[in-house]
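Everything below concerns the one structure shown next.
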Amino acid sequence: MYDMRTVAPTVCKVLGIRAPSSADSPSLLQACKTLGSTDKLAVIVIDAFGMSTWKKAKNLTPTLNRLEAVHGTIIHSVMKSVTPVNFATMLTGASSETHGITDRTMPLRHETIFYVLREAGLKSATAARALSSLGILISPHADNPGIAESNKDTEVAEKAISRLMSGNNLVWVHLLDVDDAGHGYGPLSEESMDAIARADANLRTILDTAGDIGYSVIVLADHGQHDSDDANYKGNHGTDKPEDIEVPFLWANNAELRDILGKQ
């Protein structure tokens, strides 16, 4: 079973650059084979969108369903199954024990994909909420951070589109509505189902632009979520329960993406 450590070497292989120096896992071979080689890649992370939650929401995710029908697998979050830990692993390829990140306010001292891109003369960008792990922990390492000061996913989608249109070689996007709703109401609540539908709509908006201008895409989650008895968090994560660690990893090259979106 692949885990979050495979994200960095997979992205780097597709972009034709070396993996970060602390990466300690192989690339996901089937994704590398079908994505091929490109200089335009968008990676969209839907926070807390675990497989167990998606199974209950398939009728609300037409875009994700079409991606899955082309290429998809399941990977595991690394422990602790929380956002800053897994984002640090995604961008460095390092285990949580190696990078040592436990909080989004900590400095990430290991080499990231963004550094390797810069070394190769390529450009990176992010689209993230100002208060998110991507916004605080990861975006300072990118060439062109896109920070949504409103802390709303609609603005994140707008930032993503502007970074795609600017021609960055790698655009890394973080959508948070699903995590927010799960914590507040539970991962299988009506509110979470509404958030999943919004996430799919925001994803479609981003992919429409990505498809038009030649990007290939990877879509995944950082972790899932389980029902909790905690009075403060109706949904929670951080454990090695399947609900917390089993997440989708979907991908499409540009030709496949255009077909998925119904573009000529």
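Only this structure's heavy atoms are used, side chains among them; waters, hydrogens and symmetry mates stay out. Here, residue 1 is the first one in the sequence, and each next residue gets the next number.
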Quick check: does any side chain N or O of Thr10 sit under 3.5 Å from a backbone N or O of Thr6, one acting as donor and the other as acceptor?
yes

Ring-plane angle category for His237 and His223, please: parallel below 30°, perpendicular beyond 60°, tilted otherwise.
parallel

Tell me if a side-chain donor or acceptor on Tyr2 pairs with a main-chain N or O of Ile74 at a distance below 3.5 Å.
no

Do Asn168 and Ser166 have a side chain donor and acceptor closer than 3.5 Å?
no

Main chain of Leu131, side chain of Arg104: is a donor-acceptor contact present, judged purely on distance under 3.5 Å?
yes

Pairs of donor and acceptor atoms involving the side chains of residues 26-36, under 3.5 Å and at least two apart or interchain, shall be tabulated with distances.
residue : atom : partner : partner atom : Å
Thr34   : OG1  : Gln30   : O            : 3.0
Thr34   : OG1  : Trp251  : NE1          : 2.5

Between Asn254 and Ser216: side-chain donor-acceptor atoms closer than 3.5 Å:
no

CG (Asn151) and CG (Asp153) are apart, to the nearest 0.5 Å, by 9.5 Å

Say whether, by atom type as modelled, one donor and one acceptor occur between the side chain of Gln225 and the main chain of Asn236 under 3.5 angstrom.
no

Following the transitive rule for hydrophobic clusters with a side-chain heavy-atom cut-off under 4.5 Å over Ile, Leu, Val, Met, Phe, Trp and Tyr, establish whether Ile260 and Val14 coincide in one cluster.
no

Under 4.5 Å between side-chain heavy atoms, counting indirect links through other Ile/Leu/Val/Met/Phe/Trp/Tyr residues: same cluster for Leu261 and Leu250 or not?
yes

Give the minimum heavy-atom separation between Ala181 and Ala195, together with the two atoms involved.
CB-CB, 3.7 Å

How far does OG of Ser22 sit from NE2 of His110, to the nearest 0.5 angstrom?
5.0 Å

Can you confirm if the NZ or CZ of Lys58 lies within 45° of the ring axis of Trp54 and under 6.0 Å from the centre of its six-membered ring?
yes

Heavy-atom closest contact (Asp103 atom, Pro84 atom, distance):
C-CB, 3.8 Å

Please name the pair of heavy atoms, one in Ala160 and one in Val171, separated by the smallest distance, quoted to 0.1 Å.
O-CG1, 4.3 Å

Only residue of Val173, Thr63, Leu64, Leu175 satisfying side chain to side chain contact (heavy atoms under 4.5 Å, CB included) with Val219 is Leu64

Check the pair Val247 / Met4 against side chain to side chain contact (heavy atoms under 4.5 Å, CB included), numbers first and verdict last.
CA-CA 10 Å; Val247 300; Met4 210 60 64; 4.1 Å; yes

If every non-hydrogen atom of Met106 is compared with every non-hydrogen atom of Leu137, which pair is closest and at what distance?
O-CD1, 3.2 Å

If only side-chain N and O atoms count, and only distance matters, is there a donor-acceptor pair under 3.5 Å linking Asn253 with Thr38?
no

Are Arg129 and Asp177 close enough, and set up right, to give a salt bridge (Lys or Arg N to Asp or Glu O under 4.0 Å), and what steps lead you there?
CA-CA 11 Å; Arg129 295 188 190 184; Asp177 277 351; 2.8 Å; yes

For residues His174 and Phe87, establish whether the separation of their ring centroids is below 6.0 Å.
yes

For Ser139 and Thr126, does a side-chain donor sit closer than 3.5 Å to a side-chain acceptor?
yes

Are Ile206 and Leu176 connected into the same hydrophobic cluster when the rule is that any two of I, L, V, M, F, W, Y join if their side-chain heavy atoms are below 4.5 Å apart?
no

Minimal heavy-atom distance between Ala88 and Thr92, with the atoms involved, is O-OG1, 2.7 Å

Determine whether the aromatic ring centres of Tyr233 and His183 lie less than 6.0 Å apart.
yes

Any side-chain to backbone donor/acceptor pair from Arg5 onto Thr89? Under 3.5 Å, distance only.
no

Can you get from Leu67 to Val43 by hopping between Ile, Leu, Val, Met, Phe, Trp and Tyr side chains that sit under 4.5 Å apart?
no

For the pair Asn169 (side chain) and Lys123 (backbone), establish whether a donor and an acceptor sit closer than 3.5 Å, ignoring hydrogens and angles.
yes

Between Val156 and Phe49, is there shared hydrophobic-cluster membership here, with clusters defined by ILVMFWY side-chain heavy atoms closer than 4.5 Å?
yes

